[in-house]
Amino acid sequence: MQYWLFKTEPDAFSIDDLANIPDGIEHWDGIRNYQARNYLRDVVKLGDQVFIYHSSCKYVGIVGLAEVVKEGYVDHTQFDPESKYYDPKSTKDKPRWMMVDIHFKRKFVKTLLLKEIKAMPEISEIGLVKKGHRLSILPVNQNEFAWLLGKC
DNA sequence: GCCAACGTTGGC
DNA sequence: GCCAACGTTGGC
């Protein structure tokens, strides 16, 4: 079992959007960064726990919890010229981009704000606040996950 | 909207 | 394979 933090811009897709899907399952498409892709392809496994994080918005932080219900498979939006995630250099023989499916578990009563997370000395080493923090798929270690979940 | 950080592209 | 130019991310 591993732990992750998936970023999303709530204007585009929020925790509420995820919660409002009838079966609660959504494919996490549109990841266009090789390191994040490698995580999705090779490391993210069934049953892994995922913090949902809102970025580029008023209340930046962790907003809820989801679980991986399907491991890495081809992200179809890379082949769709109408999609903003279209990648003309990707081919069906050698698709570049992957995605996973996640299932909504719960929305936290209150957003665990980035500024609160930054103020926690117990998890000062968390990837979210260090170099490489721009990755949209970030690993979270077990201690960090347990600590953060205890604050929600 | 600004800007620092950092990823990608492409010429050489 | 280097590196400058350019694009994107994301907090503020």
Side-chain angles (χ1 to χ4, degrees), chain A residues 2-21 26-44 48-68 71-102 104-141 143-152:
Chain A
Q2 295 174 102
Y3 308 93
W4 303 93
L5 183 147
F6 286 10
K7 292 182 185 176
T8 183
E9 297 189 9
D11 291 344
F13 186 81
S14 73
I15 186 76
D16 292 320
D17 294 328
L18 182 63
N20 288 332
I21 295 170
E26 180 64 302
H27 47 269
W28 204 258
D29 62 22
I31 301 299
R32 295 293 180 270
N33 167 283
Y34 287 105
Q35 196 178 340
R37 186 280 310 272
N38 292 346
Y39 284 141
L40 292 177
R41 186 186 60 192
D42 305 330
V43 193
V44 176
D48 282 1
Q49 302 296 297
V50 177
F51 281 134
I52 303 298
Y53 176 94
H54 282 176
S55 66
S56 299
C57 59
K58 188 170 181 186
Y59 299 105
V60 170
I62 296 171
V63 292
L65 187 65
E67 179 174 329
V68 176
E71 294 179 8
Y73 64 110
V74 174
D75 178 345
H76 55 85
T77 63
Q78 67 196 298
F79 304 124
D80 177 5
E82 302 298 312
S83 170
K84 71 171 190 170
Y85 300 120
Y86 178 57
D87 183 350
K89 292 181 180 172
S90 183
T91 66
K92 295 202 173 185
D93 288 345
K94 283 193 168 183
R96 278 188 177 180
W97 308 113
M98 308 288 283
M99 62 185 182
V100 299
D101 286 356
I102 62 170
F104 174 76
K105 292 187 79 172
R106 61 194 180 94
K107 178 184 177 181
F108 300 136
V109 175
K110 181 175 170 297
T111 300
L112 186 56
L113 297 170
L114 178 61
K115 69 175 180 182
E116 296 174 315
I117 296 169
K118 283 180 171 174
M120 296 173 177
E122 295 85 353
I123 53 165
S124 61
E125 295 300 302
I126 192 169
L128 183 63
V129 299
K130 297 181 74 177
K131 275 193 178 180
H133 72 97
R134 296 194 339 177
L135 269 185
S136 50
I137 304 288
L138 279 172
V140 175
N141 75 34
N143 287 339
E144 292 160 352
F145 180 84
W147 174 263
L148 289 167
L149 197 58
K151 296 292 172 186
C152 293

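Every chain is numbered from 1 and lettered A, B, ... according to where its sequence line falls, protein lines coming before strand lines.
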To the nearest Å, how far apart are A:I31 CD1 and C:dG10 P? 9 Å
Kindly assign one of parallel, tilted or perpendicular to the pair A:W28 and A:F6, based on the angle between their ring planes and the thresholds 30° and 60°. tilted
Using whole Å, what does the distance between atom P of nucleotide C:dT9 and atom CG of A:L128 come to? 17 Å
So, is A:K7 close to the C:dT9 phosphate, meaning a side-chain N or O under 4.0 Å from OP1 or OP2? no
What contact category does A:S55 fall into here, base, sugar-phosphate, or nothing, at under 4.0 angstrom with non-hydrogen atoms? sugar-phosphate
Distance-only donor-acceptor check, side chains A:E9 and A:S55, under 3.5 Å: no
Using only side-chain N and O atoms of A:K89, determine if any of them is under 4.0 Å from OP1 or OP2 of B:dG10. yes
Report the distance from atom CG of A:N33 to atom P of B:dA5, rounded to the nearest whole Å. 18 Å
Can you confirm whether the side chains of A:Y73 and A:D101 place a donor and an acceptor under 3.5 Å from each other? yes
Measure from the side-chain heavy atoms of A:L114 and tell me the nearest of B:dT8, B:dT9, C:dG11. C:dG11
Distance test, side-chain N/O of A:Y53 to OP1/OP2 of C:dG11, below 4.0 Å: yes
Is the closest side-chain donor-acceptor distance between A:D75 and A:T77 under 3.5 Å? yes
Rounded to the Å, how far apart are A:E116 CD and C:dG11 P? 14 Å
From CG of A:L138 across to P of C:dG11 the rounded distance in Å is 11 Å
Regarding A:K118, tell me which of base, sugar-phosphate or nothing describes its non-hydrogen contacts under 4.0 Å with the strands shown. sugar-phosphate
Only one of A:K94, A:R37, A:R32, A:R96 clears salt bridge (charged side-chain N to carboxylate O under 4.0 Å, His left out) with A:D87; which? A:R96
For A:D87 and C:dT8, what is the distance between atoms CG and P respectively, to the nearest whole Å? 13 Å
Separation of A:L5 atom CG from C:dT9 atom C1', in whole Å? 15 Å
Between CG of A:N38 and P of B:dG7 the distance, given in whole Å, is 13 Å
Taking the side chain of A:R134 as heavy atoms from C-beta outward, which of C:dG7, B:dT8, C:dG11 is closest to it? C:dG7
Of the nucleotides B:dT9, C:dG10, B:dT8, which one has an atom closest to the side chain of A:Y34? B:dT8
